[in-house]
Amino acid sequence: MTSTAPETQRGQDAGDPLGEQPTSWQRRLRRFGHVPRPETSLRDRLDPPWTRPGRQVWSVLAIPPRVADRLVRWSAWGGPLLVALVAGLLRFWRLDQPNAVIFDETYYAKDAWALVNQGYEGSWPKDVDKLILKDPSSVPIPTDPGYVVHPPVGKWIIGFGEQLFGFTPFGWRFMVAVLGTISVLLLCRIGRRLFRSTFLGCLAGLLLAVDGLHFVMSRTALLDLIVMFFVLAAFGCLVVDRDRSRRRLADALPVDEEGVLRPDARIAETLRLGWRPWRIGAGVMLGLAFATKWNGLYVLAAFGLMTVLWDVGARRTAGAARPYMAVLRRDLVPAFFSTVPVAIVTYIVSWTGWIVTDKGYYRNWAATEGKGSSWSWLPDWLRSLWHYETQVYDFHVGLTSGHTYESNPWSWLVLGRPVSYFYEEQAGCKESSTGKCAAEVLAIGTPLLWWLACFALAYVVWRWLFRRDWRAGAIACGVAAGWVPWFFYQERTIFLFYAVVFVPFLCLAVTMLLGAIVGPAAGTGARADLGLTSKDPTGERRRTLGAIAAGVLVLLIIWNFIYFWPLYTGTSIPEDLWRDRMWLDTWV
């Protein structure tokens with residue numbers, strides 16, 4: 001993707017907008033290696049240009065400039081699609097294995113099958129999983145309503161795959177694998193837009209493709225990866241909305257006689273940014289996340305605050321003397337109504353099956369136990385739904401029963417206690433000194449990626465606080481929205497796999513750190529991957545060493561993913577090799 005602004009305008013706005021020459025003392029300092037910090041024009045601050053790769057690589061490959069330009073344009077979509085294709089092949093490979101109902105698939109696979117066939121979840125008998133695996137057609141769908149504690153959207157999605165491929169492990173995992181693959185494509189494009197670099201965008205998607213937790217969750221019929229998908233899609237919508245609104249501001253600002261864009265307080269404070277469909281799209285996505293699991297509600301609040309602060313920053317950059325007041329007058333109300341009510345309506349619509357079938361759990365509560373309430377003027381289905389929600393809330397906050405694989409959110413980033421979804425031991429294994437082989441599906445992130453992400457998050461927070469980098473703030477917001485709320489429920493039974501919601505933002509944080517390690521492009525005079533420029537003669541050497549270091553880190557992460565592959569896929573390996581992969585005692 002290239003910038004919408006004319007190249008001539010870009011050239012006029014680049015560098016020193018006043019055309020001033022460096023002073024004599026600045027020239028003397030340059031002899032000793034001093035490089036002045038490049039000034040960014042107003043247009044580039046409002047609507048940053050896209051990074052274009054240098055000509056050196058094309059020259060080495062003897063590719064003509066015209067062909068190189070076409071390849072660059074193609075890579076904007078071709079690169080992300082290629083990364084997503086690799087991710088999809090990994091996720092769909094032997095998706096039906098293990099041929100078992102693993103972990104909480106025992107709830108969601110069956111609830112989804114009942115939901116898509118009769119509109120509400122049924123009360124399944126115990127020990128029915130083996131019969132389903134043996135002959136699903138012989139297992140009737142229970143008509144008695146079942147008490148479920150999560151909204152229906154995720155189960156509708158799982159059920160769609162079951163409708164396509166049957167009530168089988170492949171069927172109930174299919175749509176989750178599809179969303180897992182598409183989320184890699186989304187992250188490539190989002191990262192590209194954040195960093196204005198196709199390479200860094202594809203790198204972020206590649207890191208997500210080889211993260212073990214995302215991989216395992218993409219191959220398991222649970223709800224958390226579905227929440228992650230909608231959260232990531234909402235984030236992407238808001239990033240696009242930010243770009244478009246800032247470009248609209250830039251186009252409205254005056255240009256002086258030298259062709260340089262100038263700030264204007266009146267325009268910055270009074271301009272109406274008009275119809276913003278991408279923000280409404282974010283509201284729909286956040287509503288779907290909330291309608292899959294309730295933790296999506298925290299993300300709605302965090303992202304709503306984030307997008308309002310983006311508007312404040314845009315109007316301040318454009319010249320507003322009182323940007324908060326300008327946003328309060330022009331943007332706050334539209335921002336609220338395009339996200340919060342949209343999300344709430346989306347959530348209510350998701351319960352349509354429960355509403356129209358009139359047979360779901362608590363569906364007739366308003367006409368029976370709730371009869372005679374002071375709220376009886378409301379529709380019965382709405383009062384019954386509200387009662388159901390209060391009962392579910394009480395269940396969630398009161399869920400304190402112990403579990404073998406529960407973990408505290410403090411330990412998530414270091415992978416303190418992963419969750420074993422499936423474990424099977426086989427005797428008579430000649431390759432093992434113990435005579436046993438083990439097959440396990442372990443929900444754990446790629447360790448080197450997550451441990452590097454701890455340092456990356458520290459760098460992101462530093463860059464946000466001290467460099468005022470909005471991208472770092474956005475990444476930190478995504479991590480905080482998916483992680484911090486769990487600290488308020490530390491007494492509750494919670495698990496590491498809940499962290500999959502913010503895994504894409506960890507990958508963006510690592511990508512930002514790797515981009516900083518590589519360093520700015522030298523001698524180009526254009527904005528580099530992280531918004532910096534270097535004209536230092538030694539810049540190429542520093543960039544080469546940085547690229548080698550970053551490349552080694554990425555290769556180590558990929559190797560680490562391959563090393564743990566048997567634990568992600570349930571592949572049977574000698575017990576000795578299985579124990580070698582138990583790097584921490586708490587993983588057993």
Side-chain angles (χ1 to χ4, degrees), residues 1-2 50-51 71-93 95 154 157 160-161 173-220 224-243 278 281-282 284-286 288-289 292 299 303 445-446 449 471 474-475 478 482 500-512 514-515 529 554 557-558 561 568:
M1 184 181 296
T2 57
W50 298 86
T51 300
L71 289 175
V72 169
R73 289 195 297 270
W74 171 85
S75 67
W77 274 102
L81 287 172
L82 181 61
V83 175
L85 175 62
V86 172
L89 291 175
L90 293 174
R91 280 150 179 77
F92 280 95
W93 183 81
L95 182 61
I157 292 173
F160 181 71
R173 295 169 189 162
F174 174 78
M175 283 304 299
V176 184
V178 169
L179 296 187
T181 302
I182 297 176
S183 66
V184 173
L185 175 63
L186 282 177
L187 190 64
C188 287
R189 293 289 297 177
I190 291 170
R192 179 180 182 272
R193 186 173 286 272
L194 273 180
F195 303 124
R196 290 302 197 258
S197 167
T198 299
F199 172 75
L200 288 182
C202 291
L203 176 58
L206 176 64
L207 293 176
L208 186 63
V210 296
D211 174 64
L213 183 61
H214 186 274
F215 177 78
V216 171
M217 298 299 290
S218 297
R219 293 167 53 88
T220 312
D224 299 87
L225 184 123
I226 301 174
V227 177
M228 180 279 305
F229 174 82
F230 289 128
V231 167
L232 183 61
F235 182 77
C237 288
L238 292 176
V239 172
V240 175
D241 173 75
R242 180 186 186 277
D243 279 356
W278 286 98
V284 173
M285 292 297 106
L286 291 170
L288 292 172
T292 301
V299 182
F303 281 8
T446 303
L449 174 61
R471 295 163 298 183
I475 295 170
V500 74
V501 174
F502 61 84
V503 165
F505 301 97
L506 293 182
C507 294
L508 288 173
V510 173
T511 301
M512 178 170 266
L514 293 175
D529 289 341
V554 173
I557 290 170
I558 295 174
F561 174 77
Y568 298 144

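Note that these values count all heavy atoms, side chains included, but never hydrogens, waters or copies made by symmetry.
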Determine, step by step, whether Val83 and Leu185 satisfy the side-chain contact (heavy atoms from CB on, under 4.5 Å) criterion, reporting the C-alpha distance in whole Å, the side-chain angles of both residues, the deciding distance to 0.1 Å, and the verdict.
CA-CA 7 Å; Val83 175; Leu185 175 63; over 6 Å; no
When you measure from the centre of the six-membered ring of Trp77, is the NZ or CZ of Arg189 under 6.0 Å away and within 45° of the axis?
yes
Cation-pi between Arg219 and Trp93: NZ/CZ under 6.0 Å from ring centre and within 45° of the ring axis?
no
Check whether any side-chain heavy atom of Val284 lies under 4.5 Å from a side-chain heavy atom of Phe230, and answer yes or no.
no
Is there a side-chain contact between Arg471 and Arg193, using heavy atoms and a 4.5 Å cut-off?
no
So, using side-chain contact (heavy atoms from CB on, under 4.5 Å) as the criterion, who are the partners of Val554 when residues are at least two apart?
Leu203, Leu206, Leu514, Ile558
Has the side chain of Thr446 got a donor or acceptor atom that lies under 3.5 Å from a matching backbone atom of Val210?
yes
Can you list everything that forms a side-chain hydrogen bond (donor to acceptor under 3.5 Å, both in side chains) with Arg173? Sequence neighbours excluded, please.
Glu105
Picking from Ile475, Leu207, Val503, what satisfies side chain to side chain contact (heavy atoms under 4.5 Å, CB included) with Leu508?
Ile475
So how far is it from [X] [atom1] to [Y] [atom2], rounded to the nearest 0.5 Å?
| X | Y | atom1 | atom2 | value |
| --- | --- | --- | --- | --- |
| Thr198 | Arg73 | OG1 | CZ | 12.5 Å |
| Tyr568 | Leu213 | OH | CG | 8.5 Å |
| Leu186 | Leu232 | CG | CG | 5.0 Å |

If the plane angle is over 60° it's perpendicular, under 30° parallel, otherwise tilted; pick one for Phe303 and Phe235.
tilted
